[in-house]
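Encoded as structure tokens, the structure appears first; notes follow it.
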Amino acid sequence: MRAVVYDRYGPVDVLRIENLPEPSPVGRQVRVKVAATSVNLSDWEVLRGSPLYSRIGGLRSPAHRTLGSDIAGWVDAVGPAVTRFRPGDEVYGDNLMLKGGFAEYAIAPESVLARKPAALSFAEASTIPQAGVIALQGTDGAGAGQRVLINGAGGGSGSFAIQLAKRLGAEVTGVDNACKLDFMRSAGADKVIDYRNEDFTRSGHYDLILDLVAYRSVFAYRRALARNGRYRCVGGSVPALLRVLTLGSVAGWLTHRRLGVLAVRQGPTHFEPVADLCIAGDLAIHIDRTFTLDEVPEALAHVGEGRARGKVVVNVA
Ligand SMILES: NC(=O)c1ccc[n+]([C@@H]2O[C@H](COP(=O)([O-])OP(=O)(O)OC[C@H]3O[C@@H](n4cnc5c(N)ncnc54)[C@H](OP(=O)(O)O)[C@@H]3O)[C@@H](O)[C@H]2O)c1
């Protein structure tokens, strides 16, 4: 099978296409013939080995040679203990632990997969598991009239998060680079901020801040929160995340605010509700661009260098 592989952390130049034997599923694993894989910022981070948390499982060299978590495709073979799927089933899921979606076949535990709804294409389905869940859990608790700010709102999770917060009746401010301001407005943001021109922590007080790319100090985040407001981050620099985990909880507690890192709960029970909203027409899937397997380096750079508005998909089959 054709697979995009790499053996050391680095820029996209470390990626190459190789012909590998098709992997065999064992135990509760299934082999998926990949139709489409969406790109997440986490793929870019694990390609580069930065931030440091992206090296979990492989401090010096990558734990897995092929990236690509968010897969959609056909079950092609099943391990002896698999009970939920059989060859031919159309599935999708976030294979964050094993990855392997930038290849013609990927091995995944059956527990991370769900049946793909017929109403969604493989490309559409592949956009949901990781970004949709981050958005759903990240906006949980937003309510009518609340001021919600989403930092990094022009990317994959952000485009879902804007819509989910609007659906809950919140007034939404999206923060991202200047190229994405119109896109964030079109996704439903009431206000937009170019982070290179304006510091959102000085732009007002918010009831909920979802930070997809945390780099600032705890005191800046605290300053941006209204009384009883909540700040939750899901990614960013390791020092910023550690500060939120340690200082953040104390600073928040002392000042009637809550600051924390959101450890996203993954799996079908968490992403299928997002797919249901997409099928019902309550949530739009924004696919900025699609790429081929040979173009995986360009696809990763498109996301990692901040050019993607919404999701980016690699059509494999
Ligand atoms: N906590 C968990 O369990 C968990 C699990 C999986 C993933 N994650 C994390 O969740 C996040 C999801 O990202 P995604 O896939 O939605 O990424 P994405 O599609 O790349 O979107 C991130 C956006 O943030 C923008 N950005 C970068 N630096 C910024 C800054 N300083 N201020 C404002 N915006 C900035 C990017 O544009 P520019 O590059 O142009 O600035 C991009 O538009 C990642 O951080 C990932 O590591 C967390």
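Order of appearance sets the numbers: ligands from 1, and atoms from 1 within every ligand.
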Any side-chain donor near an acceptor of the partner, Gln130 and Asp94, under 3.5 Å
yes
Can the ring centres of Phe200 and Tyr206 be said to be less than 6.0 Å apart?
no
For the side chain of Asp282 and the backbone of Leu277, is there at least one donor-acceptor N/O pair under 3.5 Å apart?
no
Can you tell me if Tyr53 contacts ligand 1 (heavy atom of the residue under 4.0 Å from the ligand)?
yes
Minimum-distance protein heavy atom relative to atom 40 (O) of ligand 1
Asn177 ND2, 2.3 Å
Tell me: protein heavy atom nearest atom 2 (C) of ligand 1, and distance?
Val264 CG2, 3.5 Å
Can you name the atoms of ligand 1, numbered from 1 with element, that are less than 4.0 Å from a heavy atom of Gly306?
37 (O), 38 (P), 39 (O), 40 (O)
For Gly158 and ligand 1, does the shortest N/O to N/O distance drop below 3.5 Å?
no
Could you identify the single nearest non-hydrogen protein atom to atom 26 (N) of ligand 1 and state the distance to 0.1 Å?
Val213 CG2, 3.6 Å
Nearest-contact summary for atom 47 (O) of ligand 1 - protein heavy atom, Å
Glu45 OE1, 2.8 Å
For atom 17 (O) of ligand 1, find the nearest protein heavy atom and state the residue, atom name and distance (0.1 Å precision).
Leu41 CB, 3.2 Å
Could you see if Tyr6 belongs to whatever hydrophobic cluster contains Val314? Use Ile, Leu, Val, Met, Phe, Trp, Tyr and a side-chain cutoff under 4.5 Å.
yes
Note the single closest protein heavy atom to atom 41 (O) of ligand 1, along with its residue, its atom name and the distance in Å.
Tyr195 OH, 2.3 Å
Could you say whether the N/O atoms of Gln130 and ligand 1 ever approach to under 3.5 Å?
no
Consider side-chain hydrogen bond (donor to acceptor under 3.5 Å, both in side chains). Of Thr127, Asp288, Thr290, Asn40, which one does Lys311 pass it with?
Asn40
Same cluster or not: Leu149 versus Phe219, using hydrophobic residues (I, L, V, M, F, W, Y) connected whenever any side-chain heavy atoms lie under 4.5 Å apart?
yes
Protein contact of atom 12 (C) of ligand 1 - nearest heavy atom, named by residue and atom, plus distance:
Ser157 OG, 3.6 Å
Verdict with reasoning, Phe102 to Arg2, per side chain to side chain contact (heavy atoms under 4.5 Å, CB included):
CA-CA 9 Å; Phe102 299 140; Arg2 299 179 77 236; over 6 Å; no
Would you say the ring centers of His286 and Phe160 fall short of 6.0 Å from each other?
no
Of all the heavy-atom pairs spanning Leu208 and Asp140, show the shortest one and how long it is.
CD2-O, 4.4 Å
Considering only heavy atoms, does Tyr215 approach ligand 1 within less than 4.0 Å through its side chain, its backbone, both, or neither?
side chain
So, is Asp176 polar-close to ligand 1, with some N/O to N/O distance under 3.5 Å?
yes
For atom 19 (O) of ligand 1, what is the nearest protein heavy atom, given as residue, atom name and distance?
Gly156 N, 2.7 Å
Any sub-3.5 Å donor-acceptor pair from Lys180's side-chain atoms to Gly152's backbone N or O?
no
A student checking ligand 1 against Val303 at a 4.0 Å heavy-atom cut-off should list atoms 20 (O)
Please indicate whether any nitrogen or oxygen in Val234 is less than 3.5 Å from any nitrogen or oxygen in ligand 1.
yes
Regarding Tyr221 and Asp211, is there a side-chain donor-to-acceptor distance under 3.5 Å anywhere?
yes
If you measure every N or O of Lys180 against every N or O of ligand 1, does any of those distances drop under 3.5 Å?
yes
Measure Leu96 to ligand 1 on non-hydrogen atoms and call it side chain, backbone, both or neither using the 4.0 Å cut-off.
neither
